[in-house]
There are 2 protein chains.
Amino acid sequence: MLSKKTKYGLKALTYLASVGTKEPVQIAEIAKHENISQKFLESILLTLRRNGFLGSKKGKGGGYYLIKEPNEIPMTAVMRVLEGPIAMVPCVSLNFYEKCDDCPDEGECSVHKLMLQVRDSALDVYRNNTLADLIS
Amino acid sequence: MLSKKTKYGLKALTYLASVGTKEPVQIAEIAKHENISQKFLESILLTLRRNGFLGSKKGKGGGYYLIKEPNEIPMTAVMRVLEGPIAMVPCVSLNFYEKCDDCPDEGECSVHKLMLQVRDSALDVYRNNTLADLIS
DNA sequence: ATAATGTCTATCGTTTTAGTAGGAATTTCA
DNA sequence: TGAAATTCCTACTAAAACGATAGACATTAT
């Protein structure tokens with residue numbers, strides 16, 4: 001399941017992209033427009049800013065804005081920051097690899113075999129979508 | 001992330017398929033071979049039996065066995081029973097559809113748009129793999 | 001100065017996960 | 001017929017993750 005964090009983060013990014021301008025948009029406006037708890041959204045936008053997707057401005061007239069063009073923001077990057085690994089099992093993760101405790105040999109593991117295919121197919125989708133593609 | 005339940009269930013099914021025979025295999029043997037907590041595996045095999053994947057026999061010489069041929073067991077079915085919906089969001093699920101609380105219009109939702117593609121790509125993988133394909 | 005904003009840390013209730021415990025029921029076989 | 005081996009079933013639990021919420025602080029525009 002996709003976490004609410006990721007879901008809300010994607011919606012917020014899409015909203016910012018659809019607004020189009022480089023003017024800061026306030027958290028409250030985003031939260032209201034997307035029916036999201038404002039406080040929760042706050043923390044999500046914060047991590048998006050810390051990870052280089054958003055810029056922010058404090059004080060009156062402040063808010064968040066996209067730092068790059070929507071078509072320069074691939075979903076792979078967004079998903080990894082918000083949701084974590086794209087792979088469903090650490091042993092097939094490109095960016096978060098970990099060996100399984102059980103499983104003496106990955107080459108013989110049926111789960112590994114299957115999840116490798118799933119990862120690649122998901123990766124394919126995320127690599128072929130930027131934020132720009134999500135705007136309807 | 002794939003749950004341990006699904007992971008262990010897949011491994012157990014694969015083991016049963018690789019053994020090949022229709023003779024019952026004991027939980028203890030599967031657990032030992034796959035490095036799985038026996039008690040936990042018990043409950044997993046139970047749900048696999050209740051969902052028509054396995055047969056069982058009690059008492060001495062008892063155990064679990066595959067009811068169908070491995071190439072007649074598609075991964076879609078296994079995943080849905082063990083892991084639940086294949087979709088990452090209920091609003092794009094074929095078998096477990098639910099409308100989102102937020103989100104007035106699915107057609108306009110960026111998350112919906114993206115997750116639909118992810119679901120289809122995953123579905124593609126699961127539909128093209130049966131238990132027989134997982135045996136190395 | 002003051003009001004409007006984002007920043008940060010801490011906390012909290014609920015749900016899910018990954019088991020564990022213990023016994024009942026069934027079957028085999030000596 | 002009885003003992004041993006096995007699955008079946010229910011209930012419980014500890015830990016982690018999730019989805020927030022609260023409140024004080026920092027910065028900026030006017």
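Computed over heavy atoms, backbone and side chain alike; hydrogens, waters and symmetry mates excluded. Naming convention: chains lettered A, B, ... in sequence-line order (proteins, then strands); numbering from 1 in each chain.
- By the 4.0 Å N-to-carboxylate-O rule, A:Lys32 lies too far from A:Glu29 to be salt-bridged with it.
- If you check the side chains of A:Gln117 and B:Tyr126, you find no donor sitting under 3.5 Å from an acceptor.
- With rounding to the nearest 0.5 Å, the separation of NE2 in B:His112 from OG in A:Ser136 is 11.0 Å.
- Protein chain B contacts DNA chain C from C:dA18 to C:dT28, reading 5' to 3' and using non-hydrogen atoms of the protein with a distance under 4.0 Å.
- In the model, A:Tyr64 has no side-chain atom that pairs as donor or acceptor with a side-chain atom of A:Gln26 under 3.5 Å.
- Connection of A:Met79 to A:Val89 is not established within any shared hydrophobic cluster, with ILVMFWY side chains joined at heavy-atom distances below 4.5 Å, either directly or through further cluster members.
- Defined by atom type and a distance below 3.5 Å, a donor-acceptor pair is present between the side-chain atoms of B:Glu83 and B:Ser3.
- Contacts between residues 6-29 of chain A and DNA chain D, defined by a heavy-atom separation under 4.0 Å, are made by A:Tyr8.
- With respect to A:Asp133 and B:Lys113, no salt bridge is recorded, no charged nitrogen being found less than 4.0 Å from a carboxylate O.
- Residue order along DNA chain C, read from the 5' end via each residue's closest nucleotide, puts A:Gly59 first among B:Gln38 and A:Gly59.
- First and last contacts of DNA chain D with chain B, using any nucleotide atom under 4.0 Å from a protein heavy atom and ordered 5' to 3', fall at D:dA5 to D:dC9.
- Comparing A:Gly61 and A:Lys39, the nucleotide of DNA chain D nearest to each residue sits closer to the 5' end for A:Lys39.
- Considering only heavy atoms from C-beta on, A:Val92 stays 4.5 Å or farther from A:Val118 through its side chain.
- A salt bridge between B:Glu23 and B:Lys57 is absent, with no side-chain N of the basic residue lying under 4.0 Å from a carboxylate O of the acidic one.
- With respect to A:Leu13, the side-chain contact (heavy atoms from CB on, under 4.5 Å) criterion is satisfied by exactly one of A:Ile30, A:Leu66, A:Ile73: A:Leu66.
- For the pair A:Gly62 and B:Lys4, both in contact range of DNA chain C, the more 5′-proximal nearest nucleotide belongs to A:Gly62.
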